[in-house]
Structure formats: structure tokens, C-alpha cells
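As the structure is a computational prediction, the values presented were derived from the model and not from experiment.
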Amino acid sequence: MNSKRTFFELFETDRPILKVKFDVNSNKEATEVEIENRLEKDIDTKCLDNLKKLCTNPNLAEFLDFYAKCNGFSLATPVLPKNAQKKPLLLQLPVNQLIKFTELYLPKGKLAGTIDFNKTKTLYRGEHKWLAFAQVDDGPGCLTIFLEGEYAGNIFLVTPQPHFNILKPIAKTFNSFLDRVAKDPAAFFKLTKAYVTIVGRDNQNFGYFPLQYIDSGGILFPENGEKVSLESIRSENDKTGEDTVKKKWWRF
């Protein structure tokens, strides 16, 4: 945990590492997964103007300010080892995809059951509008923000099998959500049940629990006990040519 780390510093570090375990109670050493964080900086001004028409509540100012600076992000996409699935553990959608993504969770949407089959139905099937703005892992889990009502500006988790009371917000403001992620990304991934998926030798997928986030480092290879940077691996591959490491409520 790094209480002084800011959210945007997550995108400035060199080769961040996520320590993970398949069995958190195991005495085995945690697996180190080299990850990539990406901040999308191409601002979509036209869609941003349309989003502003939806986000008229003052509590949405931080949400709008974020999209005025960048167009979403992806966190903790595995790079190494090679048998880790290359999917981000948290993906904030670009502004032009927010409506289509939200529609998946609306009544009759492909992922409507994520809401309708648990207590969150009382929260989301009322009169107040909201947006689904970020995908957790492969889904169907997502993060939402309310555009009006008593929860305007609050961030909620939507998940089919909640392990805590998701009728309460996980953050009262958008910036406090960013701060929570930055303080301890691994803890946030655990909260939202975002796992690193590693493919075993039998081609079965195994979900590994995030335990610790390290700002920079390299992959530790057990066979030689050395940490090797992604850049050096790529450089060596380039030299040898060998693989040395295995109803719609609203629209814009």
C-alpha cells in the first residue's frame, strides 16, 4: 500500500508488478506478474460535449473533469508471464462507448441479470439515471455512477455475486474512487473480484488473487532467480528470433 501515490502516478512507473496467488492460504511464494497500465489521452470533444448534457448535477464535475483530461484507462493488463491472459483488471471506457456499455445493463440488456437477480435491482430500476463507466476484469462486473438523485456522483460496484453490501457506494466522489485505486490497487482488485487469469499446462484457466502491487520491477524467473526486464526480453528475441520465455433511457 502506498498512501502517497496519486492515481496518475500509476501510469508513470516502470514495469509495475502484481503479486498474485491461486490459493491465498498457501505457503508457496506468490507469482509475480508484470503488468501494463495505460491512460488514453485522445480527448473526444464531441462526445464529451454530449456527456456534459447528461451530467448536469454539480456532483458530476469530477467525472467530467477526468474525461476532459483523458479518455479512459486500463489497469493491470498482464504482459508476463506469457500464459497470463492479456486482459485489464479494470477498464474505464472511452466517452463514446459509455452509452452502449450502459445499455448492456438496462432492462432487456445482455447483462441485465447482473442487476435484476440480486438486491441491486431496487437501486438501478428506479427513476434516477446512471452510467456504467468501467468494466471489472472480463465482466459482467462493472462500476457505475449516478447522474441524479441522492447518490449523484457516487461510485457503485455491480456484480452478480456480491461479497459485501453493494447497495452502498464504494466511493462518494469520482476523485475519491481514483484515490482508493491509487492507494492500493491490489486491494481494489480484490474488492471488485478482479483476478489475473493464468492458463495452465492443461489449457485450463486459473484465477489468481491479487495480493500486492509494486510500482516497478521485473519478472522473477524461478529457474535462475534473476529479475529480467520486459525490454531485455524483447531485445534478446529480436536478436535471436527465439522465444526465450514461455428499453433505453437516454442517448447522446
Side-chain angles (χ1 to χ4, degrees), residues 5-13 16 18 35-52 54-55 57 59-79 85-106 109 111 114-115 124 129-147 151-159 166 169-196 210 213 252:
R5 184 197 295 121
T6 67
F7 178 76
F8 290 102
E9 286 175 342
L10 291 172
F11 306 92
E12 298 172 357
T13 55
L18 198 61
I35 58 175
E36 179 183 54
N37 301 328
R38 183 179 179 87
L39 193 65
E40 302 298 338
K41 296 184 178 181
D42 293 333
I43 309 303
D44 190 329
T45 55
K46 180 179 179 180
C47 287
L48 180 59
D49 288 341
N50 290 329
L51 182 63
K52 290 177 181 179
L54 287 177
C55 301
N57 189 295
N59 293 346
L60 278 299
E62 294 176 357
F63 184 64
L64 288 173
D65 183 60
F66 180 87
Y67 274 111
K69 295 176 179 177
C70 47
N71 198 22
F73 63 82
S74 60
L75 280 182
T77 302
V79 176
Q85 289 188 355
K86 308 301 186 284
K87 57 180 179 60
L89 298 196
L90 184 63
L91 173 69
Q92 179 162 331
L93 281 297
V95 66
N96 68 331
Q97 295 181 23
L98 292 176
I99 292 300
K100 287 187 177 181
F101 186 62
T102 299
E103 288 175 346
L104 295 173
Y105 298 88
L106 296 182
L111 301 177
T114 312
I115 290 173
Y124 292 96
K129 297 181 179 67
W130 47 272
L131 283 174
F133 69 91
Q135 179 174 284
V136 175
D137 201 344
D138 257 353
C142 73
L143 301 181
T144 64
I145 186 168
F146 274 79
L147 307 183
Y151 293 122
N154 288 192
I155 310 300
F156 289 81
L157 171 67
V158 171
T159 185
I166 58 174
I170 60 172
K172 292 296 185 70
T173 67
F174 188 78
N175 283 353
S176 62
F177 150 67
L178 296 181
D179 290 342
R180 184 171 187 176
V181 173
K183 182 178 180 179
D184 193 340
F188 189 84
F189 298 147
K190 288 168 64 178
L191 174 75
T192 58
K193 289 189 174 182
Y195 305 137
V196 172
Y213 183 95
F252 282 169

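When F101, Y124, F63 are each tested for a ring pair (Phe, Tyr, Trp, His ring centres under 6.0 Å) with W130, only one passes: Y124. Each of L93, L91, L90 was evaluated against F73; a single residue qualifies, L90, per the side-chain contact (heavy atoms from CB on, under 4.5 Å) test.
No donor-acceptor contact under 3.5 angstrom links the side chains of Y105 and T144, judged on distance only.
Summarising the geometry of A68 relative to I43, their closest heavy-atom pair is O-CD1, 3.8 Å, with the distance given to 0.1 Å. Heavy atoms only, all atoms of each residue included: A194 and P210 are closest at O-CG, 3.3 Å. The shortest heavy-atom contact between P140 and L111 is CB-CD2, 4.0 Å. For the pair A76 and P78, the tightest heavy-atom approach, listed with the atom from each and the gap, is O-CD, 3.3 Å.
Side-chain atoms of L10 and P185, non-hydrogen and from C-beta on, do get closer than 4.5 Å to each other. Looking only at side-chain heavy atoms (C-beta outward), L54 and I99 come within less than 4.5 Å of each other. A 4.5 Å side-chain heavy-atom check between F189 and V196 finds every atom pair outside the cut-off. At least one side-chain heavy atom of L60 sits under 4.5 Å from a side-chain heavy atom of L147.
Under the 3.5 Å distance criterion, the side-chain polar atoms of R180 are matched with a main-chain donor or acceptor of I170. A donor-acceptor contact shorter than 3.5 Å links the side chain of R5 to the backbone of A182. Under a 3.5 Å cut-off, the side chain of N96 and the backbone N or O of C47 do not form any donor-acceptor pair. Side-chain N or O atoms of Q135 include one that pairs as donor or acceptor with a backbone N or O of D137 at under 3.5 Å. A donor-acceptor pair under 3.5 Å links the side-chain atoms of E62 to the main chain of N175, judged by distance alone. Between the side chain of N71 and the backbone N or O of K41, no donor-acceptor pair lies under 3.5 Å.
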Review point. Could you go step by step and tell me if I115 and L106 meet the side-chain contact (heavy atoms from CB on, under 4.5 Å) rule?
Key: CA-CA 9 Å; I115 290 173; L106 296 182; over 6 Å; no
**Study point:** Pair L75-V181, side-chain contact (heavy atoms from CB on, under 4.5 Å): steps then yes or no
**Key:** CA-CA 10 Å; L75 280 182; V181 173; 3.5 Å; yes
Check your understanding: When you look at V136 and T159, which way does the side-chain contact (heavy atoms from CB on, under 4.5 Å) test go after all the steps?
Key -> CA-CA 9 Å; V136 175; T159 185; over 6 Å; no
Exercise for review: Step by step, work out the side-chain contact (heavy atoms from CB on, under 4.5 Å) result for Y67 and K52.
Suggested key: CA-CA 10 Å; Y67 274 111; K52 290 177 181 179; over 6 Å; no
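Distance NZ/K190 to CG/L89: 13.5 Å, rounded to 0.5 Å. One distance of note links NZ of K129 with OG1 of T102; it measures 12.5 Å at 0.5 Å rounding. Atoms CD and CD, from E12 and E9 in turn, are 6.0 Å apart once rounded to the nearest 0.5 Å. Distance CG/N154 to CD1/I145: 8.0 Å, rounded to 0.5 Å. The distance from the CG atom of N37 to the CD1 atom of I35 is 5.0 Å, given to the nearest 0.5 Å. Expressed to the nearest 0.5 Å, how far NZ of K86 lies from CD of E36 amounts to 11.0 Å.
The number of heavy-atom neighbours closer than 6.0 Å to NZ of K87, taken from other residues, nucleotides and ligands shown, is above 12.
Here the two rings, on Y151 and F156, have centers that are under 6.0 Å apart. Taking the six-membered ring for Trp and the full ring otherwise, F177 and F174 have centroids separated by under 6.0 Å.
The pair K183-D179 does not meet the salt-bridge criterion, since no charged nitrogen lies less than 4.0 angstrom from a carboxylate oxygen.
Note: F11 and F7 have perpendicular aromatic rings, judged against thresholds of 30 and 60 degrees for the angle between ring planes.
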